[in-house]
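Atoms within each ligand, like the ligands themselves, are counted from 1 in listed order.
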Amino acid sequence: MSSEFDLIARYFTRPAPAGLLGVGDDCALFPVPAGMHIATSTDLLIEGRHFFPDVDPRALGHKSLAVNLSDLAAMGARPVGCVLGLALPQANEPWLAAFAQGFHALADMHGCPLIGGDTTRSPHDLAISVTIFGAVAADRALRRDAAQVGDEIWVSGTLGAADVAYRLLDGHLPADATLLAATRRALEWPEPRVALGQGLLGVAHAAIDISDGLLQDLGHILSASRVGAQLHYDAMPVAPALHGMPPAALTQAVLGGGDVYELCFTAAADQHDQVLSAAARAGAAVTRVGHITQTPGVVVLGADGQPLSALPRGFDHFPVS
Ligand code: ADP
Ligand code: MG
């Protein structure tokens, strides 16, 4: 049997990098780089809502941090550190070891050490909350309200795979082991675009990470910036595994599917080449999918040049029916 403190010591205490005070005191301490602002964001993951109870704990550790790193990426911020809140139904040590391994591996990859947290017993389900801290020059951060008419709209990576994997696992799509094998990694092991976000500072205007679906998340940029968008469905970077799916399900996955953790960003048309070279330096593929317009709302043009009707909606925890 292990006490709360044994568990913290074993799985969540790592030597903090020089200059930081990590796990073990009442608060963690980290320096704020001169001239920078702290970018901070938090995400809550609940069993049965954000992940399946039987998900691989290493993948869950990875994803718990990945979704927060993705928020930093969407501001162009450099990771500094993170804290982890855990409500555990039981102290299952093999589970904790695997979870911690997935978490720390991604933290190490991005120089984002775990510097604190809280560990409690949960009467029912597992809940995970990660809060992240990053640094960014405030006047350069990639804010949602910075899109300008005429900007090109870009998307990194590919779209749709995570949504399809989710629908296969929860039974909304008919079982298809080949399709699941080809899409599952996108759902469980998202790779946050941290280097791309920082590479876009001074190049892009507005950015957001696609957690709730392209149309919904782009919609946040549009309303914050008081502009509209015209997109080209044919230009969308559809995940290769999805080719051959029925068109309606494909459109839903590509335009409405969440859990993507790619960046959607806007940049002036004269920055086109700079966007491409920033993406190449960051090792990310980027695709131009449309442009910002004066007219509010989103129009998605099909191959025939006609607007698609019945656009999918993104994810909403409290939908108004
Ligand atoms: P306090 O009672 O002062 O809040 P705790 O006993 O909750 O302190 O935690 C002891 C130390 O362990 C603190 O430094 C806290 O940040 C850290 N800690 C607790 N749980 C976690 C966790 N899940 N991940 C990382 N650090 C943790
Ligand atoms: Mg505490």
Exercise for review: Before giving the answer on side-chain hydrogen bond (donor to acceptor under 3.5 Å, both in side chains), spell out for His232 and Asp234 the whole-Å C-alpha distance, their side-chain angles and the decisive distance to 0.1 Å.
Suggested key: CA-CA 5 Å; His232 296 274; Asp234 275 8; over 6 Å; no

Exercise for review: Check step by step if side-chain hydrogen bond (donor to acceptor under 3.5 Å, both in side chains) holds for Gln101 and Tyr11.
Suggested key: CA-CA 8 Å; Gln101 196 185 51; Tyr11 302 114; over 6 Å; no

Identify, by atom number and element, the atoms of ligand 1 in contact range of [X], meaning under 4.0 Å from any of its heavy atoms.
X      : value
Asp26  : 3 (O)
Leu114 : 24 (N), 25 (C)
Asp25  : 13 (C), 14 (O)
Thr119 : 19 (C), 20 (N), 21 (C), 22 (C), 23 (N)
Phe5   : 6 (O)
Gly24  : 11 (C), 13 (C), 14 (O)

Review point. So, are Arg121 and Glu4 salt-bridged, with charged N and O less than 4.0 Å apart?
Key: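 No.
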
Exercise for review: State plainly whether the residues Arg226 and Asp145 are in salt-bridge range, i.e. N to O under 4.0 Å.
Suggested key: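 Between Asp145 and Arg226 there is no salt bridge, as every charged N stays at least 4.0 Å from the carboxylate O atoms.
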
Point to revise | Thr13 side chain vs Val23 backbone, donor-acceptor pair below 3.5 Å | key: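 No, because the side chain of Thr13 does not come within donor-acceptor range (under 3.5 Å) of the backbone of Val23.
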
Review point. Mind checking whether His104 and Phe12 have parallel, tilted or perpendicular rings, split at 30° and 60°?
Key: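 Rings of His104 and Phe12: tilted, as their planes differ by 30° to 60°.
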
**Study point:** Minimum non-hydrogen distance to atom 27 (C) of ligand 1, winning option of Gly117, Ala100, Ser129
**Key:**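 Comparing heavy atoms across Gly117, Ala100, Ser129, the nearest one to atom 27 (C) of ligand 1 lies in Gly117.
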
Exercise for review: Determine, using heavy atoms of Tyr11 and all atoms of ligand 1, whether some pair is separated by less than 4.0 Å.
Suggested key: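 Flag not set, Tyr11 not near ligand 1.
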
Check your understanding: Counting both backbone and side chain atoms, is some N or O of Ile8 under 3.5 Å from an N or O of ligand 1?
Key ->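 Not met; the criterion fails.
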
Check your understanding: Among Pro190, Pro192, Ser70, which residue meets the side-chain contact (heavy atoms from CB on, under 4.5 Å) test with Lys63?
Key ->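 The single option meeting the side-chain contact (heavy atoms from CB on, under 4.5 Å) with Lys63 is Pro190.
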
